[in-house]
Participant: 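Input: one structure, supplied below.
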Amino acid sequence: LLEKTFHSGAKPPLGSLIEGRWVQGESTFTVLDKYSATPIAEVASATRAQVAQAVAATHRAAQAGAPAPAERARVLRRAGELIAERRDHFVDVMVAEAGFTVADAAGEVDRAVITLNLSAEEAPRVVGDVVPFAASPGAHQRMGFTLRFPVGVVCAITPFNSPLNTVLHKVAAAYGAGNAVVLKPSAYTPLTSALLAQALLDAGMPPEFLAVVQGEGDSVGTWLLQEQDVAFYTFTGSTRVGRIIQQAAGLRRTQMELGSIASTLVCADANLDRAIPKIANATFRKAGQVCTSVQRLYVEAPLADEVAQRLAEYAATLPAGDPRDPATRIGPLVTREAAMRTEQWLREAQEQGAQLLCGGQRDGSVISPAILTRVPETGRVWCQEAFAPLVAIRPFDDFDAAIASANSTPYGLSAGIFSQDIDRCLSAARRLRFGTIQINETSSARSDVMPFGGVKDSGFGKEGPWHAMREMTEERLVTFNP
Ligand code: NAD
């Protein structure tokens, strides 16, 4: 089915997955190749009734209880093997519908396999803890432990920029912990999620434990928020949509992985041979469409010119264009509008006095890698999430002021610092108000085992299989007074 659906709008459209069957709807939406903007597939949007059916079916399954943890772990591991076997197909699909370069798409597949294996390891361990009553005067004779139970139906709503691994951080953790899952992938990247769902089913995930409802946020997404049998919403996407979901969730639990303006600091004693390639990679990977991409780069004044120059030299070695060309390092943005918006922000910054050292040229939906210096603090490239292949550099003399500036955005997802001075690094770790502080790494050095999540308007709750499984379970205390 998926082989046939892909590459042709003329064939029957791909639809939603409910109780193990791919179903059609009443209307379709078109998936575009992100580089050529040509249609590559028609996908049937789930109807209101199908959304209700998907939630009802997964709810029944969750009530009946999931297979044993060891069996869930086996399925997750097997899905990892199948995805590895189908690597080329996943890569082709992501290159087309997400616009990733082959290297970025392959990286996404490799990480997905790791996420599945980590989730398989954790699934049998989500059991609970012993309560140390002995520490409590007057209660020392009591005994206690906690038990963890799946919450029921977990609804995962996911963004376009990580159509496989981010989806798995939700789906694998939810099922590993014994929940049933309703997934609503981004309407920009529905095909990868269909391949993923098929791999999970082929691996032996019981069909009633997984539904995929395809469609736009303002229809299918909104309907999912009206479904009271959803126990938990795990969301990755913009802060704007996160607020809508949180409001609808009421007292139900959520996990919110939201927007970001990630900062990285380079101190005068930094090892630039190490820092420059890391910063360039963290800025331009997936054309900058990563929530932890380095957008603000603070460089201690003596190094500011050298860092900008070396980054510009590096960026010149990153050809932008067709993601199918193996030489290409920067593919397109998700839409032509996103590229035009980026172009506009870069133009505005220059009008406000910024210097564009390199890049910033637009060709269709491709923007060549851009490095800006002398960026005004009021510029949109500095103050709003760019989600594009650009980095804005500002020099600093006063370390405390640089930390205060990095903290001054509404966001707090991830930050990095390069320095050989351990006091400075640890002081920064104490004072930077972000979910992650990476020393001698950029803001974007994520490994899938990490507890990953933000503070402030970047959201709350942690991903990473160990952490997400704890989020997606209810803890019950059992005490015994012998
Ligand atoms: P988005 O918020 O536009 O969409 C995300 C998902 O929400 C999509 O599936 C969309 O269809 C759905 N949606 C939209 N409106 C909805 C509604 N009213 N009700 C329910 N669902 C709705 O985000 P995007 O453009 O796909 O992704 C980019 C954003 O995601 C950036 O802000 C980026 O920082 C963020 N992001 C954050 C992290 C993180 O870990 N914090 C990771 C990746 C991306």
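In this text, all values refer to a predicted model and were calculated from it rather than measured experimentally. Each ligand, and each atom within it, is numbered from 1 in the order the structure gives.
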Participant: Atom OG of Ser263 and atom CD1 of Ile417: how far apart are they, to the nearest 0.5 Å?
Facilitator: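 Reported value, rounded in 0.5 Å steps: 11.5 Å.
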Participant: Can Gln344 and Arg347 be counted as having a side-chain donor-acceptor contact under 3.5 angstrom?
Facilitator: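 Side chains of Gln344 and Arg347: pair found under 3.5 Å.
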Participant: Any idea which protein heavy atom is nearest atom 25 (O) of ligand 1, and the distance to it?
Facilitator: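 Checking every protein heavy atom, the shortest distance to atom 25 (O) of ligand 1 gives Phe160 CE2, 3.4 Å.
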Participant: Hey, does the side chain of Asn179 reach the backbone of Gly152 with a donor-acceptor pair shorter than 3.5 angstrom?
Facilitator: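 Yes, the answer is positive, given that a donor and an acceptor are paired below the 3.5 Å cut-off.
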Participant: Would you kindly specify which portion of Val220 sits under 4.0 Å from ligand 1, judged on non-hydrogen atoms: side chain, backbone, both or neither?
Facilitator: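 It is neither part, as no heavy atom is under 4.0 Å.
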Participant: Under the salt bridge (Lys or Arg N to Asp or Glu O under 4.0 Å) definition, can you give me all pairs with a residue in residues 14-24, not counting sequence neighbours?
Facilitator: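 Sorted result for residues 14-24: Glu19-Arg60.
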Participant: Among all the protein's non-hydrogen atoms, which is closest to atom 37 (C) of ligand 1, and how far away is it?
Facilitator: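 It is Leu258 O, 3.1 Å.
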Participant: How does Ala187 reach ligand 1, if at all, at less than 4.0 Å between non-hydrogen atoms: by side chain, backbone, both, or neither?
Facilitator: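 Contact part for Ala187 vs ligand 1: neither.
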Participant: CG/Leu116 to CZ/Arg111 distance, rounded to the nearest 0.5 angstrom?
Facilitator: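 Taking CG in Leu116 and CZ in Arg111, the distance rounds to 12.5 Å.
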Participant: Thr236 heavy atoms, cut-off 4.0 Å: which ligand 1 atoms fall inside?
Facilitator: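 Those atoms are 5 (C), 36 (N), 37 (C), 38 (C), 39 (C), 42 (C), 43 (C), 44 (C).
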Participant: Please state whether Ser186 comes within less than 4.0 angstrom of ligand 1, counting heavy atoms only.
Facilitator: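 For ligand 1, residue contact (heavy atoms, under 4.0 Å) with Ser186 is present.
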Participant: Can you see whether Glu97 engages Thr192 through a side-chain donor-acceptor pair at a distance of less than 3.5 angstrom?
Facilitator: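 On atom types as modelled, these side chains qualify, holding a pair under 3.5 Å.
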Participant: With sequence neighbours left out, which residue pairs that include part of residues 151-170 fulfil the salt bridge (Lys or Arg N to Asp or Glu O under 4.0 Å) condition?
Facilitator: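 Matches after skipping sequence neighbours: Lys170-Glu463.
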Participant: How far is atom 44 (C) of ligand 1 from its nearest protein heavy atom, and which residue and atom name does that atom have?
Facilitator: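 For this ligand atom, the closest protein heavy atom is Asn161 OD1, 3.3 Å.
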Participant: With respect to atom 32 (O) of ligand 1, which of Glu385, Gln214, Arg240 exhibits the smallest heavy-atom separation?
Facilitator: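 Nearest heavy atom to atom 32 (O) of ligand 1 lies in Glu385.
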Participant: Quick check: Lys184 and ligand 1, any N/O pair under 3.5 Å apart?
Facilitator: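 Among all N and O atoms of Lys184, at least one is under 3.5 Å from an N or O of ligand 1.
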Participant: Quick one about Thr236 and Glu257 (side-chain donor to acceptor, distance below 3.5 Å, no hydrogens or angles considered), yes or no?
Facilitator: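 Glu257 vs Thr236: no donor-acceptor pair found between side chains.
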Participant: Can you see whether Thr47 engages Glu26 through a side-chain donor-acceptor pair at a distance of less than 3.5 angstrom?
Facilitator: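 No, no side-chain donor-acceptor contact under 3.5 Å.
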Participant: Consider only side-chain N and O atoms of Ser444 and Arg285, and report whether a donor and an acceptor are under 3.5 Å apart.
Facilitator: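 There is such a pair (donor and acceptor under 3.5 Å, judged by atom type) between the side chains of Ser444 and Arg285.
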Participant: Considering only non-hydrogen protein atoms, determine which one is nearest to atom 12 (C) of ligand 1 and report residue, atom name and distance to 0.1 Å.
Facilitator: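 Result for atom 12 (C) of ligand 1: Ile157 CG2, 3.7 Å.
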Participant: How long is the straight-line distance from CH2 of Trp223 back to CD of Gln50, given to the nearest 0.5 Å?
Facilitator: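 Here the interatomic distance stands at 9.0 Å.
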Participant: Looking at non-hydrogen atoms alone, which of Cys291, Pro185, Gly435 comes nearest to atom 38 (C) of ligand 1?
Facilitator: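 Nearest heavy atom to atom 38 (C) of ligand 1 lies in Cys291.
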Participant: Could you pull out, from Ser458, Ser260, Gly217, Ala338, the option with a heavy atom nearest to atom 13 (N) of ligand 1?
Facilitator: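 The nearest heavy atom belongs to Gly217.
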Participant: Can you find a non-hydrogen atom of Phe235 under 4.0 Å from ligand 1?
Facilitator: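 For ligand 1, residue contact (heavy atoms, under 4.0 Å) with Phe235 is present.
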Participant: Do the side chains of Ser405 and Phe396 get nearer than 4.5 Å, heavy atoms only?
Facilitator: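 No, their side chains stay 4.5 Å or more apart.
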Participant: With heavy atoms of Phe452 as the reference, note each atom of ligand 1 found under 4.0 Å away.
Facilitator: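 Those of ligand 1 that fall under 4.0 Å from Phe452 are 40 (O).
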Participant: To which protein heavy atom is atom 23 (O) of ligand 1 closest, and what is the distance rounded to 0.1 Å?
Facilitator: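 Result: Ser238 N, 3.5 Å.
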Participant: Which residue owns the protein heavy atom closest to atom 27 (O) of ligand 1, what's the atom, and how far is it?
Facilitator: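 That would be Pro159 CB, 3.3 Å.
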Participant: What residue and heavy atom of the protein are closest to atom 35 (C) of ligand 1, and at what distance?
Facilitator: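 Nearest neighbour among protein heavy atoms for atom 35 (C) of ligand 1, to 0.1 Å: Gly237 O, 3.2 Å.
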Participant: Should you measure from each heavy atom of Leu225, which atoms of ligand 1 turn up under 4.0 Å away?
Facilitator: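 What qualifies from ligand 1 is 19 (N).
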Participant: Under 4.0 Å from a heavy atom of Phe387: give me the atoms of ligand 1 that qualify, with their elements.
Facilitator: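 Answer, ordered by atom number: 28 (C), 31 (C), 33 (C), 34 (O).
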Participant: So which protein heavy atom does atom 9 (O) of ligand 1 come closest to, and at what separation?
Facilitator: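 Checked against all protein heavy atoms, atom 9 (O) of ligand 1 sits closest to Thr158 O, 2.7 Å.
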Participant: Looking at atom 2 (O) of ligand 1, would you say a protein heavy atom lies below 4.0 Å from it?
Facilitator: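 Given the 4.0 Å limit, the answer for atom 2 (O) of ligand 1 is yes, a protein heavy atom qualifies.
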Participant: Do we get Arg324 above Tyr35's six-membered ring, with its NZ or CZ under 6.0 Å from the centre and within 45° of the axis?
Facilitator: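 Here Arg324 fails the 6.0 Å and 45° test against Tyr35.
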